[in-house]
2 protein chains.
Amino acid sequence: MARKLTIRDIARLAGVSKSTVSRVLNTKQDVDPATRERVLRVIEEQTFVLDMSAAKLAGGRSRLIGSLVPSLAWPLMSEIMRGISDVVAQSPYELLLYSITKNQVHEEQQQVISRILHSNLASGLLAVFPGPATPYLTELYEKGFPVVIIDDRGEPTSVPWVSADNRVGAYAATRYLLQMGHRRIAYIQGPVEYRASQARYQGYCDALQEAGLAIDPTLIQQGDFTPTSGCAPAEIFLSMADRPTAIFAGNDQMAYDVLTVAHKHGLRIPRDLSLVGFDDIPPSAYLSPPLTTVQQPFYQMGKQAAELLLSLLDVSSSSALNTLSKSLSIRLVTDLVVRDSCSPPRTVKGY
Amino acid sequence: MARKLTIRDIARLAGVSKSTVSRVLNTKQDVDPATRERVLRVIEEQTFVLDMSAAKLAGGRSRLIGSLVPSLAWPLMSEIMRGISDVVAQSPYELLLYSITKNQVHEEQQQVISRILHSNLASGLLAVFPGPATPYLTELYEKGFPVVIIDDRGEPTSVPWVSADNRVGAYAATRYLLQMGHRRIAYIQGPVEYRASQARYQGYCDALQEAGLAIDPTLIQQGDFTPTSGCAPAEIFLSMADRPTAIFAGNDQMAYDVLTVAHKHGLRIPRDLSLVGFDDIPPSAYLSPPLTTVQQPFYQMGKQAAELLLSLLDVSSSSALNTLSKSLSIRLVTDLVVRDSCSPPRTVKGY
DNA sequence: CTGTTAGCGCCTTCAA
DNA sequence: TTGAAGGCGCTAACAG
């Protein structure tokens, strides 16, 4: 395996010094166009690639960005990652993958983050649904380390973030059910640690209140977004004497559980019960009945977050501080995808 | 942002030299247990993390492994990645993610690979379904760069690989259909570039021939594993005067297309047509009817491949060459998951 | 067993 | 506009 060339080699070949080659590589201004051209040609001919580790060590940028993701098992992660990696592939950066699983305690999560930092590899971080780690990331960002979060915005944080508009999505879904005539609409809440979860709950409440309906605590149960976590809530709802005519599940996974439980109770959807989910992950379109759900633009979220981070890196590496651009944030719209899991309630009760 | 500590700092704090710290960090043998203990304590207290770039530059290993994956959009990728990242997380390595999309020409794929090499970051590579890039990877491996492939074995290659037993899986699926009484079993073939695709086809043929049935070319059509690519083949099969009583789709995605097309033709599954898929990706269990399919142990594949690569890295870094262990390979068994998409043919024709 | 001495390949002043 | 020199944090001989 032929020894890798160094800038020294191509310096010799181009008849210049290492410094000049370095300048060309880093597109500095003060290089004679002719020289630059010559150096570039040699680099091309030799298919020379600069050693990132050395560059990093010598004080340059690392051209590596880290991505901190929750369980890759979540079906929606693949689309987000696809968005991210498409952008990164077009850039001079490479992507580092760090994953955190839900059953890691906070302390362990912080350890992962501190490893990312201290190992000194990544020069920026993309955090997907960081949940409880958010405050720590904020701290990081404020210390000058580029971070972009994909999630809903939580406490006023200065960290740039990209999210789908969870509140509006949930609002639209609830409103849809309301307009069909439903009045007893149950909600299966996701874990409160996640901003997205809170925002959806808010949207649900907003729609209800706008319709002049009170929030009925008995119609709200908690799941945790994972498969089967919607079963218990569904069981409770469907066993009620005055059971709800519609259920809005905090995410699709939990909606699937409702389907299962409803089936067990001999209830048919949408005839006996309307059902709406949130996310629009792949299975949803294939269910029977196909699930009406709020679609999140996962690919776009990944793509835009990556682009945002890249732009932050460019800025911090060149001149201007992040003084000008306070609080970068992008909120993407969600779409209510109407399929066949909803219909007007059989017996519209008065109110 | 407090200056990052270096081994020099912790050397001072522990009252030893940098070399000793380095030895402890790299778990070398020749260190006094007491000294080691002391150094370790300081490292712990200071939450020191070694700078990988510097370590790499100084001639050590890079503690970075690359993963080369095809489109992350494939639903099965997330499980494979989960297996990989679980293993990597438990190791001192970090994971680099490179993705290749199908519409990149071979040349572009090679470029990605050569970038991986020349950037000199990864010290090993995990290639998932490399398809046409396989020969190039083989070359790499033979030049001494650790590579593990996740796919079916192709031409006799020396590269260590992990795969599901695609042939046997397809054989079992076909046999299942045969035993139910089906005789006209159509097959939707995946792209021939993929080994896995070829192996499944082989399994299909083997089962048929074992049953004394000839391979009927009109019952074989080609898709490419992607969504909707199974529509055209399904359309052809279901429009035949003497249409097949069962269809075996090369993967689940294409089976979904058969479902759609069958529905359009007013055919009910499994009453009018039996259907088997391959992969068992998440939606399959939720379809109506739930799809009978061959389950691949994706998580395991990722896990074992990562473990294999890690062991290769250990070996090459320490003493023994890879002389002893020729042709490492792991073949995992698949499971036929019987659900509700198959039944005996309505009218069992004589043969 | 431990410290000393050289670099690894690159970027960055500082002069020229 | 360019070259020379120094050092980033670490590992790897080589002494002791």
Side-chain angles (χ1 to χ4, degrees), chain A residues 2-40 42-43 46 48-64 92 117-121 123 317-318, chain B residues 1-40 42-43 46-64 92 117-121 123 316-319:
Chain A
R3 197 181 59 74
K4 222 180 89 54
L5 300 101
T6 73
I7 56 169
R8 188 203 201 92
D9 296 315
I10 84 109
R12 192 165 28 71
L13 260 33
V16 296
S17 75
K18 293 193 309 178
S19 321
T20 301
V21 177
S22 175
R23 289 189 185 101
V24 172
L25 250 16
N26 297 32
T27 54
K28 302 282 186 189
Q29 293 317 311
D30 46 1
V31 179
D32 184 287
T35 316
R36 177 191 301 280
E37 187 57 37
R38 186 149 37 90
V39 173
L40 248 22
V42 177
I43 289 178
Q46 309 293 329
F48 164 84
V49 181
L50 159 148
D51 182 321
M52 267 199 210
S53 317
K56 176 74 177 64
L57 182 55
R61 316 255 90 247
S62 86
R63 312 266 98 157
L64 235 45
L117 247 47
H118 291 288
S119 74
N120 217 298
L121 281 166
S123 53
S317 78
S318 66
Chain B
M1 192 137 58
R3 196 181 59 75
K4 221 179 90 55
L5 301 100
T6 72
I7 55 169
R8 189 203 201 93
D9 297 316
I10 88 108
R12 192 164 29 71
L13 259 32
V16 296
S17 74
K18 293 193 313 179
S19 321
T20 301
V21 178
S22 175
R23 288 188 185 103
V24 173
L25 251 16
N26 297 6
T27 55
K28 302 281 186 188
Q29 294 316 310
D30 46 1
V31 179
D32 183 287
T35 315
R36 177 190 300 278
E37 188 58 34
R38 186 150 38 90
V39 172
L40 246 22
V42 177
I43 289 179
Q46 309 292 329
T47 63
F48 163 84
V49 180
L50 163 145
D51 184 321
M52 268 201 205
S53 315
K56 174 71 176 63
L57 182 55
R61 319 252 86 249
S62 84
R63 312 265 100 158
L64 235 44
L117 251 48
H118 289 289
S119 74
N120 216 297
L121 281 166
S123 53
S316 72
S317 78
S318 65
S319 55

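Just so it is clear: chains get the letters A, B, ... in the order the sequence lines come, proteins before strands, and each one is counted from 1.
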Tell me whether the OP1 or OP2 atom of [N] has a side-chain N or O from [X] closer than 4.0 Å.
X: A:T35; N: D:dT2; value: yes
X: A:T20; N: D:dG3; value: yes
X: A:K18; N: D:dT2; value: no

Rounded to the nearest Å, what distance is computed from the [atom1] atom of residue [X] to the [atom2] atom of nucleotide [N]?
X: A:R12; N: D:dT2; atom1: CZ; atom2: P; answer: 19 Å
X: B:L50; N: D:dC8; atom1: CG; atom2: P; answer: 16 Å
X: A:N120; N: D:dC10; atom1: CG; atom2: C1'; answer: 13 Å
X: B:I7; N: D:dG9; atom1: CD1; atom2: P; answer: 10 Å
X: B:D30; N: D:dA12; atom1: CG; atom2: P; answer: 12 Å
X: B:K56; N: D:dC8; atom1: NZ; atom2: C1'; answer: 16 Å
X: B:N26; N: D:dG9; atom1: CG; atom2: P; answer: 17 Å
X: A:L121; N: D:dC8; atom1: CG; atom2: P; answer: 19 Å

May I ask you to decide if B:K28's main-chain N or O and B:N26's side chain share a donor-acceptor pair within less than 3.5 Å? no
Is there a donor-acceptor pair under 3.5 Å between the side chain of A:S62 and the backbone N or O of A:K56? no
[X] and [Y]: which non-hydrogen atoms are nearest, and at how many Å?
X: A:F48; Y: A:T6; value: CE1-C, 3.6 Å
X: A:R36; Y: A:T27; value: NH1-CA, 4.1 Å
X: A:K4; Y: A:V49; value: NZ-O, 2.8 Å
X: B:S53; Y: A:N120; value: OG-O, 4.1 Å

For [X], which contact category applies under a 4.0 Å heavy-atom criterion: base, sugar-phosphate, or nothing?
X: A:L25; answer: nothing
X: A:S53; answer: nothing
X: A:V21; answer: nothing
X: A:T6; answer: sugar-phosphate
X: B:D32; answer: sugar-phosphate

What's the spacing between [X] [atom1] and [Y] [atom2] if we round to 0.5 Å?
X: A:L40; Y: A:L25; atom1: CG; atom2: CG; value: 8.5 Å
X: B:R63; Y: A:L121; atom1: CZ; atom2: CG; value: 12.5 Å
X: A:T35; Y: A:D30; atom1: OG1; atom2: CG; value: 11.0 Å
X: B:L57; Y: A:L57; atom1: CG; atom2: CG; value: 5.5 Å
X: B:I7; Y: B:R12; atom1: CD1; atom2: CZ; value: 12.5 Å

Please report the C-alpha distance between B:V16 and B:R38 in whole Å, then the side-chain angles of each, then the deciding distance to 0.1 Å, and finally whether the side-chain contact (heavy atoms from CB on, under 4.5 Å) criterion is met. CA-CA 10 Å; B:V16 296; B:R38 186 150 38 90; 4.0 Å; yes
Ignoring hydrogens and geometry beyond distance, is the side chain of B:S19 in donor-acceptor contact with the base of D:dA12 at under 3.5 Å?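 Per atom types, the contact qualifies.
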Would you grab the first and last nucleotide of DNA chain C (5' to 3') that comes under 4.0 Å of any non-hydrogen atom in chain A? C:dG9 to C:dT13
Are any protein N/O atoms closer than 3.5 Å to N/O atoms in nucleotides 14-16 of chain D? If there are, list each pair with its distance.
none

Through what angle, rounded to 10 degrees, does the axis of the helix from C:dC1-D:dG16 to C:dA16-D:dT1 turn between its ends, using five pairs per end?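 That helix gives 30° between its end axes.
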